[in-house]
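Take this structure first; my questions come after.
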Amino acid sequence: MSNTHTSTSINWEIGPIFRAMLRNKVGAILIALQIAVTMTIIVNSVYIIVERSKEMQRDSGIDNENSFYLTSVGFTENFNTPVTVEEDLNALRALPGIVDAIQINAVPNSDSGWSMGLKTQPGVEHDGVGTAVYMVDEHGLNALDVEIIAGENFAQTDIGMRVVGQVKWPDKTILTKAMAENLFPDIPYGSVVGKTVYINDTEPMIVVGIIDKLQAPWVGWNNLENVMLSPERMDYKGSRYFIRTEPGQRDSVMKQVEELLANSNKGRLIQNMRSIEETRERSYRGHTAMIKILTTVMIILTIVTALGIVGLASFSVNQRKKQIGTRRALGASQSAIVRYFMLENFLISSIGVILGAALTIGLNIILVNTFGLDRIDWFYIPIGMLVLWIVGQGAVFGPARKAANIPPALATRTV
Amino acid sequence: MLKMTDVKKVFRTDLVETHALRDFNLHVGEGDFVAVTGPSGSGKTTFLNIAGLLETFNGGTYELDGQNVSNLNDKKRSQLRNEKIGFIFQSFNLIPDLNLFDNVDVPLRYRGFNSAERKKRIENSLEMVGLAQRMKHLPSQLSGGQQQRVAIARALAGEPRFLLADEPTGNLDTQMANSVLDLLKSINAAGTTIIMVTHDGHLAKQARRNIYVRDGKVSEINEVDIAMPTQLAAV
């Protein structure tokens, strides 16, 4: 026969395979649905995992590796907090290995803190912008390891002493760049220095400086970088100290600090000494658990889907042994038989992933509307389709090889 | 055309060694119509499998259309099967999920013909067996005789050098068997070499030559003097 009649050495059998599938729909439909559901869950899970991982990787603004904090709680009747805090901070700042130390009301990423609203105009009728509040002295920027990018730091003379029940606020504040831009979206953050903002609806505070980045205590808060610093120490029974150490000395310094403070004043307890790394790990525990659960679900679903494909393909091969032998007798090479089953699976997977793409978008819309997640990035869908195609092809390869080993002589056997 | 010289086939298990063919010698010429008969277990099917390149053999030589096929790999054997041999099976071996058109199309796709060429060949071969009007039907919608005709159309569509028929009327009633046999005779009359394995003596007598196989050897060859149809026609 002349070669002019031949189109290609590989003649794809898409049409006959598709028509044959339509006559035996049930198995193919079930596998396609399984692929679709798997893709829907996997793609949305991967998206959530990536988003959660990104959140966990966000820069807190502080020196996570070399910082820790503790609480000092006075229990004697005549416990003098301002004096004790002054003595403690002097002792801590003089301790080798410590970069700086401050008294602070709350710790970034610790899941517990203070929040207020700031306004650009006084009066209850104006909307405010929510912000986390950290009360620090002039060592605050150094201890927290944040950089002032506009304006200036607090002066020692700016620092007030907050007492229990006090409602009045200092007249100065330092804002994060994010907070400055939220309050004054129409001007560069550097121009916010010198502006007056209002706390408690009407109390004015002048913005004296802008810092690059500092996160609020609540890692799940949408405005995580809305932070203000207030120049204050606190005359409370319980004082929290935030300490930054030289790189690599945190753990040894923590022991020394505990000993130092415990011995320097017998009228208080030292509690809750914890590194920032541990604090962040605790705060993101929900994220970590979700990532592990979703990863497990994804792996199980993928395995179940792959096993489903292997099962269907193996069943199909066993059921069609005679047919495969006949195809071999009629001239199908072993590679043609492998190709047949791979192509059949590709068609089923294609239906599955197309349906899966629609379901993925549908589930994402539900997640966006119900849980306030961001819309999924478009490229997750083709990547998900590709992955499921590869899983399908990988799963069917074994049964396809088995089919290819069916001898052509089976065609003449009476089975 | 087909020349087997001292062909041996041994099936081995851990316990038993079975000599299916022993020094099997046979020469089939162009245009011949040979019936291979013999008792059960005599080696007829093994001969058919080896002749059709469905199975390998252990010794001797086998020349198909002038080519020694003793040491060909699977791909080459598949290609030769596809190009030179048409198979007709006792139980038809049509693919139940494919309609007649797609069934006849199966070997043509492996051949690599383009779609227009395949369509022409499928229509011609189904026309030849009188089933052109039913090409969209499924095998299950046909009688046994009609299914065997589809199988013959499938075997003929690739214009093979010879047909190998394994008990082609074994699953048919007398009327349908005669109809299929007449069709085979017509095909042979048109020049296609046919080798037919059967245990039916009456059927064997319709061939030009009868070969009797016993204990894995050709034990007897008889020339049969019969009137063959002179032209191919749908039966």
Side-chain angles (χ1 to χ4, degrees), chain A residues 1-28 316-317 319-341 343-344 347 401 403-415, chain B residues 44-46 48-50 52-56 73-87 89-99 101-103 105-118 120-121 138 140 151 154-155 158-160 164 166-167 170-171 197:
Chain A
M1 184 54 57
S2 164
N3 283 338
T4 55
H5 294 304
T6 59
S7 55
T8 168
S9 59
I10 295 177
N11 211 319
W12 303 101
E13 297 178 80
I14 293 173
I17 289 173
F18 194 73
R19 288 192 286 277
M21 258 170 33
L22 290 178
R23 296 192 182 99
N24 285 296
K25 301 189 229 359
V26 179
S316 172
V317 167
Q319 213 182 24
R320 291 191 273 182
K321 272 184 176 173
K322 181 91 172 182
Q323 184 189 129
I324 295 162
T326 302
R327 285 179 178 274
R328 294 276 286 127
L330 296 177
S333 61
Q334 288 184 309
S335 58
I337 297 296
V338 170
R339 194 168 62 237
Y340 179 92
F341 280 92
L343 188 57
E344 185 180 64
L347 291 176
R401 285 285 302 274
N405 286 329
I406 289 173
L410 198 70
T412 59
R413 287 182 204 150
T414 308
V415 181
Chain B
K44 299 190 300 291
T45 301
T46 303
L48 182 91
N49 286 344
I50 291 172
L53 304 179
L54 303 179
E55 241 171 61
T56 55
N73 62 23
D74 178 79
K75 190 176 178 184
K76 191 67 189 165
R77 293 166 68 83
S78 301
Q79 189 182 344
L80 273 181
R81 275 199 301 274
N82 182 257
E83 289 177 2
K84 294 190 184 294
I85 306 169
F87 287 96
F89 303 100
Q90 178 177 356
S91 47
F92 326 131
N93 290 20
L94 297 177
I95 294 168
D97 299 327
L98 300 181
N99 62 30
F101 185 97
D102 286 337
N103 259 289
D105 193 23
V106 170
L108 302 181
R109 282 181 179 270
Y110 298 135
R111 189 82 159 263
F113 288 136
N114 62 39
S115 59
E117 177 68 15
R118 295 201 317 271
K120 189 178 79 181
R121 283 169 177 263
L138 290 172
S140 58
R154 181 177 66 185
E159 295 176 8
L164 281 178
D166 180 20
E167 304 278 11
N171 283 357
V197 168

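These numbers come from a predicted model, not from an experiment. Protein chains get the first letters and strands the later ones, always in sequence-line order, with residue 1 at the start of each.
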- Message: Any heavy-atom pair between the side chains of B/R77 and A/P408 that's under 4.5 Å?
- Response: no

- Which residues satisfy the side chain to side chain contact (heavy atoms under 4.5 Å, CB included) test with A/S333, sequence neighbours excluded? A/S335, A/A336, B/D74, B/S78

- Out of curiosity, B/N73 CG to A/Q334 CD, how far, rounded to the nearest 0.5 Å? 9.5 Å

- Shortest non-hydrogen contact from B/R81 toward A/A332: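 Between these two residues, the closest heavy atoms are NH2-O, 4.1 Å.
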
- Note on the structure: CD (B/E55) and CG (A/L410) are apart, to the nearest 0.5 Å, by 10.5 Å

- Item | Atom group of B/L48 that falls short of 4.5 Å from chain A, counting heavy atoms |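 Contact with chain A involves the side chain of B/L48 alone.
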
- Quick one: pull up CD1 in A/I17 and CG in B/D102 and give me the separation to the nearest 0.5 Å.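 CG of B/D102 is found 11.0 Å from CD1 of A/I17.
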
- Item | Residues from residues 19-28 of chain A approaching chain B under 4.5 Å (heavy atoms) | A/R19, A/A20, A/R23, A/N24

- Message: Main chain of B/V106, side chain of A/R327: is a donor-acceptor contact present, judged purely on distance under 3.5 Å?
- Response: no

- Item | Contacting moiety of A/P16, where chain B heavy atoms sit under 4.5 Å |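 Both the backbone and the side chain of A/P16 come within 4.5 Å of chain B.
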
- Let me know which of B/N93, B/N103, B/L94 forms a side-chain contact (heavy atoms from CB on, under 4.5 Å) with A/T326.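 Passing option: B/N93.
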
- I would like to know whether A/R328 and B/Y110 meet side chain to side chain contact (heavy atoms under 4.5 Å, CB included); could you show each step before the answer? CA-CA 10 Å; A/R328 294 276 286 127; B/Y110 298 135; over 6 Å; no

- Non-hydrogen atoms of chain A under 4.5 Å away: do they reach the side chain of B/L138, the backbone, both or neither? side chain

- Message: Could you go through A/T412 and B/D166, starting from their C-alpha distance and side-chain angles, then the distance that decides it, and tell me whether this counts as side chain to side chain donor-acceptor pair (under 3.5 Å)?
- Response: CA-CA 7 Å; A/T412 59; B/D166 180 20; 4.9 Å; no

- To the nearest 0.5 Å, how far apart are CG in B/L98 and CD in A/Q323? 6.5 Å

